[in-house]
Amino acid sequence: MKAGVTGLHHITCIAGDPQENLDFYAGVMGMRLVKRSVNQDAPTTYHLFYADALGNAGTDLTFFPWPEMGPGRRGTGLTVEIALAIPPGSIPWWQQRLVESRAMIGEPVERFGERVLPVTGPHGLRLALTETADSRDFAPWSGGSVPAEMQVRGLHGVRLWERPIEPTARFLIEALGFNARVKTEERWHRYELGAGTSGQFLELCEVPEERRGAWGVGSVHHVAWRVPDDAAQLRVQGMVQAAGQHPTPVIDRFWFKSVYFKEPGGALFEVATDGPGFGVDEPLESLGSHLVLPPWLESRRGLIEAALPVLRDPV
Ligand code: ZN
């Protein structure tokens, strides 16, 4: 069996106002809010998870809404764009839908043979809706306003700015198991996993003239990569260490287990197990409908709920 990660697991970003975040990702993008929780390190702020109907690994985009933080600074050592998979031929439909929302959209472009619609979300996060027919675990969500045949299928890839790219490129291959073969188009170098089914791409651009990026509203906080089980996670943890980086111990996030580390360019990565999944602490039918807290915060539920802004269902 090939060691390394098998694809994107989830991506966590920093948002502004949580209601605007919910209105865009659940309301406009039609993703399912599969978990309504809090930042485990700062429990008076939400942690909102959007995914497919079942919260399959590889479909999940999550947000810490921190409106008081100020905008992020686009720069090196950060993930600067997230590609989401949409069905082939669906770009015109999405263009029309997004024009009517708070999102800014660019002209459709072709990248690495794929049709891409660039979108800037309500708080500045850059998305690339990418038409793809790749096979993936995806369950359409019937509770939203986007028809099943147009829905976002999950995560497709990420783009990072680096100065220089070589240490990160070597790390992807040695520590995470990316293929050594790279495709290049304009200034972007595409690295591919090829071992799994979805979320297989990471693209690097060398921008030595740019400043270091900084977290803030509209930026990507971290990118999590999938492993099938605990044993695979420990193997990757060892490979990360052998490549000279500094992984954390395994942290139990209940829905999955996590190991965090920085890649050589400075972007925060995570390796997360596919299971047990979002159904472990609430029924699949009612995922996301009420606030879920880790056990050690349950005794403070009243205080936490009082401190969190009330969210209404998206329009
Ligand atoms: Zn994470």
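Note that this is a predicted model, so its numbers are computed, not measured. Indexing begins at 1, ligand by ligand and atom by atom, following the structure's order.
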(Q) Around atom CD of Gln96, are there more than 12 heavy atoms from other residues, nucleotides or ligands closer than 6.0 Å? (A)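 No, because the 6.0 Å sphere around CD of Gln96 holds 12 heavy atoms or fewer from other groups.
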Q: Evaluate whether atom NZ of Lys35 has more than 12 neighbouring non-hydrogen atoms of other residues, nucleotides or ligands under 6.0 angstrom away.
A: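 Enclosed.
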Q: Kindly confirm whether the Zn ion (ligand 1) is within less than 2.8 Å of some N/O/S atom in His10?
A: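 Of the N, O and S atoms in His10, at least one lies under 2.8 Å from the Zn ion (ligand 1), which means yes.
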Q | His222 near the Zn ion (ligand 1) via N/O/S, less than 2.8 Å | A |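 So His222 counts as coordinating the Zn ion (ligand 1), yes.
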Q: Would you name the N/O/S atom of Glu270 that lies closest to the Zn ion (ligand 1)?
A: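 Answer by atom name: OE1.
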Q. Taking the side chain from Glu174 and the backbone from Met239, do they hold a donor-acceptor pair closer than 3.5 Å?
A.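 No.
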Q. Do Tyr50 side-chain atoms and Thr59 backbone N/O form a donor-acceptor pair below 3.5 Å?
A.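 Pair absent, no side-chain N/O of Tyr50 close to backbone of Thr59.
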